[in-house]
Amino acid sequence: MKNRIPDNPGLRKFAYAAILTVALASSAASIARADADPPKAWQDVRALVVRFNDAQNSQNSGVLSALLLDSPDLNWSSGVSSARGHEAVVAQLPFLYGGTMTVLPDYGALTIDLLSPTAADVTMPTQFRSESLLSDAVMTTTVVREHAVKTADGWRLSSIDTQPAPLRAP
């Protein structure tokens, strides 16, 4: 027995109308979902930020270095401490957190402003947890501001500013 639309013209029109309605409804839902998705550049910058924070927490200086813009214009500022240039920032990485700091970003409050197809500003409330064998953990709530640029190798961070600076456990 074949599935087919009955020979009744009224029933046939109803069946075609039902099929068309379902097709249009699913198409409209797909379009609405696509409109709600952030642009690919936004997604790429978010992925950069997440990867960078993960690398900080795992103390992976090789990944951190690769995600930073390889330029003398790279700037990292945290309170009164700052470094300028890729080599200077990478040299300072082991001292920034001392192996006892954990970065706890609030991705729910992350904002990414695409300034152009190749530049974006990132703002993210973040907590830093500093631990020591001699004292209780110290939590610092900060705002991290980053600037990302798109290079031939993908998105890279060209500026990082943490205010106020994370506190270290005594």
Side-chain angles (χ1 to χ4, degrees), residues 18-79 81-130 139-166:
I19 292 169
L20 182 61
T21 301
V22 169
L24 289 174
S26 66
S27 175
S30 295
I31 291 169
R33 198 171 31 256
D35 288 345
D37 288 343
K40 180 165 178 4
W42 188 97
Q43 295 173 27
D44 291 345
V45 171
R46 186 183 188 286
L48 166 70
V49 170
V50 170
R51 189 166 180 217
F52 187 79
N53 289 330
D54 289 347
Q56 287 182 94
N57 285 334
S58 66
Q59 305 291 316
N60 191 331
S61 59
V63 172
L64 290 170
S65 175
L67 297 176
L68 295 169
L69 184 66
D70 190 0
S71 165
D73 294 329
L74 172 65
N75 187 44
W76 186 311
S77 175
S78 183
S81 173
S82 68
R84 186 160 186 86
H86 188 266
E87 289 181 23
V89 170
V90 170
Q92 189 174 346
L93 288 175
F95 306 106
L96 288 173
Y97 304 113
T100 62
M101 187 81 68
T102 304
V103 179
L104 305 166
D106 181 357
Y107 291 120
L110 169 74
T111 60
I112 298 173
D113 295 320
L114 295 174
L115 306 174
S116 74
T118 60
D121 282 335
V122 178
T123 304
M124 177 178 43
T126 303
Q127 288 189 321
F128 289 86
R129 178 184 169 105
S130 178
M139 294 293 283
T140 307
T141 301
T142 67
V143 174
V144 176
R145 291 181 177 83
E146 299 168 332
H147 184 75
V149 294
K150 188 172 185 180
T151 70
D153 296 323
W155 287 90
R156 299 293 182 258
L157 294 174
S158 65
S159 172
I160 301 167
D161 182 33
T162 304
Q163 297 297 332

(message) Would you compute the distance between atom CD of Glu146 and atom CG of Asn53 and round it to the nearest 0.5 angstrom?
(response) 6.5 Å
(request) Decide yes or no for Phe128 and Leu104: does some side-chain heavy atom of the first lie under 4.5 Å from some side-chain heavy atom of the second? (result) no
(message) Evaluate Val143 against Gln163 for side-chain contact (heavy atoms from CB on, under 4.5 Å), listing each step before the verdict.
(response) CA-CA 6 Å; Val143 174; Gln163 297 297 332; 5.9 Å; no
(message) Distance check, rounded to the nearest 0.5 Å: Ile112 atom CD1 versus Met124 atom CE?
(response) 9.0 Å
(message) Within this structure, what is the CG-NZ distance for the pair Leu114 and Lys40, rounded to the nearest 0.5 Å?
(response) 12.0 Å
(message) Please determine whether the number of non-hydrogen atoms from other residues, nucleotides or ligands lying under 6.0 Å from atom CZ of Arg84 exceeds 12.
(response) yes
(request) Please say which of Asp44, Leu48, Val49, Val50 ends up in a side chain to side chain contact (heavy atoms under 4.5 Å, CB included) with Arg46. (result) Val50
(message) Would the distance check show the side chain of Ser116 and the main-chain N or O of Ala119 forming a donor-acceptor pair, the cut-off being under 3.5 Å?
(response) yes
(message) With a 4.5 Å cut-off on side-chain heavy atoms, are Leu110 and Val122 touching?
(response) yes
(message) Using side-chain contact (heavy atoms from CB on, under 4.5 Å), reason through Gln56 and Met101 one step at a time and then give a plain yes or no.
(response) CA-CA 9 Å; Gln56 287 182 94; Met101 187 81 68; over 6 Å; no
(request) Step through the shown structure and confirm whether more than 12 heavy atoms of other residues, nucleotides or ligands are within 6.0 Å of CD on Glu87. (result) no
(request) Measure across Ala41 and Trp155 and return the closest heavy-atom pair with its distance rounded to 0.1 Å. (result) CB-CZ2, 4.0 Å
(message) For Leu115, is there any backbone N or O sitting under 3.5 Å from a side-chain donor or acceptor partner on Asp113?
(response) no
(request) Take Ser159 and Arg145 through the test side-chain contact (heavy atoms from CB on, under 4.5 Å) and record every step on the way to the result. (result) CA-CA 8 Å; Ser159 172; Arg145 291 181 177 83; over 6 Å; no
(message) For Asp161, give me all partners under salt bridge (charged side-chain N to carboxylate O under 4.0 Å, His left out), at least two apart in sequence or on another chain.
(response) none
(request) Quick one: closest heavy-atom pair of Ala148 and Leu157, and the distance? (result) CB-CD2, 4.2 Å
(request) Determine, stepwise, if the pair Leu64 / Phe52 fulfils side-chain contact (heavy atoms from CB on, under 4.5 Å). (result) CA-CA 6 Å; Leu64 290 170; Phe52 187 79; 3.4 Å; yes
(message) Ignoring hydrogens, what is the shortest heavy-atom contact between Val149 and Ser158? Give both atom names and the distance.
(response) CG1-OG, 3.9 Å
(request) Grab the two heavy atoms, one from Ala83 and one from Gln92, that are nearest each other, plus how far apart they are. (result) CB-OE1, 2.9 Å
(request) Mark yes or no for whether Thr142, through its side chain, and Val144, through its backbone, hold a donor-acceptor pair below 3.5 Å. (result) no
(message) Nearest 0.5 angstrom please: Leu69 CG to Ile160 CD1, how far?
(response) 10.5 Å
(request) Report yes if some heavy atom in the side chain of Ser71 is under 4.5 Å from a heavy atom in the side chain of Arg156; otherwise report no. (result) no
